[in-house]
Each structure stands twice: as structure tokens, then as C-alpha cells.
Amino acid sequence: MKNIEELEQEIIKINNRNQKVEQDKAWELSWFRRLLIIIFTYIAMGIYLGIINIEKPWLNAIVPAIAFMLSTLTLPIFKQFWLKYFIKK
């Protein structure tokens, strides 16, 4: 049987883990993170399209960046649908 000090330590560990999970979730849902990924996608695609000699690579790089942005806006809707109809409680 665990003593009070061991239980207190377990509670502290659980609270610390929960705080980290909350921070990770906040980061995953943040607009700052989404904006960074959009910018990095745009830059990476612009460089790639330039390397393979696509005409106007920086203009064409907008398409995948916008596609990512649209996917981040619609995925929460599909997540709610999935949780409602596919996760058994």
C-alpha cells in the first residue's frame, strides 16, 4: 500500500503530464503554428518549383499553401463528425 508521500508524488506527476498535454494541444490548435506551416510550405514549394524550372514558382507556390490553410479550417469539422459517428463510447 502506498503512503501519502508516494500518492502526493504521483499526483504531482499526473498534474505535470496534464499540463504538458494541455500545452501541446494548445500549440496544435494555435493560429501561430498554422501560420508558420503555411509560410514554410510556401517557401519550400517556391524553392522546389524553382529548382524544377516551373514558370513563376513563387506564384504557383501559393496553391499548396492555401490548400494547407483550407485543410486546417475544415479538419475540425470532420473531426467532430468522426468523433460523433465512429468513436463508440
Side-chain angles (χ1 to χ4, degrees):
M1 185 160 201
K2 295 182 180 184
N3 64 34
I4 298 291
E5 290 177 7
E6 289 174 325
L7 292 173
E8 287 175 346
Q9 288 302 314
E10 282 188 32
I11 290 170
I12 290 170
K13 286 180 185 177
I14 290 170
N15 285 337
N16 289 341
R17 184 191 62 83
N18 287 348
Q19 184 178 13
K20 183 177 179 343
V21 168
E22 294 277 332
Q23 291 170 347
D24 289 345
K25 183 176 180 182
W27 170 250
E28 288 294 322
L29 299 175
S30 73
W31 279 98
F32 181 73
R33 176 184 166 273
R34 292 176 184 180
L35 181 62
L36 283 177
I37 294 174
I38 290 167
I39 291 168
F40 293 149
T41 301
Y42 175 74
I43 292 170
M45 289 305 301
I47 292 169
Y48 172 72
L49 293 173
I51 289 170
I52 64 170
N53 295 320
I54 298 295
E55 188 177 329
K56 300 180 184 176
W58 296 106
L59 180 62
N60 288 310
I62 293 172
V63 174
I66 290 175
F68 171 78
M69 182 184 68
L70 291 175
S71 72
T72 64
L73 296 174
T74 59
L75 283 178
I77 296 166
F78 290 111
K79 178 183 176 183
Q80 291 302 315
F81 176 81
W82 182 75
L83 288 171
K84 183 175 181 180
Y85 294 105
F86 293 99
I87 297 298
K88 305 296 179 199
K89 295 179 183 178

Residues 22-29, side-chain donor-acceptor partners within the protein, below 3.5 Å, at least two apart:
| from | atom 1 | to | atom 2 | distance (Å) |
| --- | --- | --- | --- | --- |
| D24 | OD2 | K20 | NZ | 3.1 |
| E28 | OE1 | R33 | NH2 | 3.4 |

Quiz item: Any side-chain heavy atom of I77 within less than 4.5 Å of one from F81?
Solution: no
Kindly list each side-chain donor-acceptor pair under 3.5 angstrom involving residues 42-63, sequence neighbours excluded, with atom names and distances?
| from | atom 1 | to | atom 2 | distance (Å) |
| --- | --- | --- | --- | --- |
| Y42 | OH | W58 | O | 3.0 |
| N60 | ND2 | E55 | O | 2.6 |
| N60 | ND2 | K56 | O | 3.1 |

Quiz item: Roughly how far, to the nearest 0.5 Å, is the CG atom of N18 from the NZ atom of K13?
Solution: 14.0 Å
Quiz prompt | Heavy-atom neighbours of I4 CD1 exceed 12 at 6.0 Å | solution = no
Quiz item: About how many Å separate CD of Q9 and CG of N3, when rounded to the nearest 0.5 Å?
Solution: 10.0 Å
Quiz item: What's the spacing between S71 OG and I37 CD1 if we round to 0.5 Å?
Solution: 9.0 Å
Quiz item: Any chain of hydrophobic side-chain contacts (each under 4.5 Å) joining L70 to L75?
Solution: no
Quiz item: Residues two or more places apart in sequence or in another chain: which of them pass salt bridge (charged side-chain N to carboxylate O under 4.0 Å, His left out) with E6?
Solution: none
Quiz item: Would L83 and F86 show up in the same hydrophobic cluster when neighbours are defined by side-chain heavy atoms closer than 4.5 Å?
Solution: yes
Quiz item: Roughly how far, to the nearest 0.5 Å, is the OG1 atom of T72 from the CG atom of L35?
Solution: 10.5 Å
Quiz item: Is there a path of hydrophobic side-chain contacts, each under 4.5 Å between heavy atoms of I, L, V, M, F, W or Y residues, that connects W82 with Y85?
Solution: yes
Quiz item: CE/M69 to OG1/T74 distance, rounded to the nearest 0.5 angstrom?
Solution: 10.5 Å
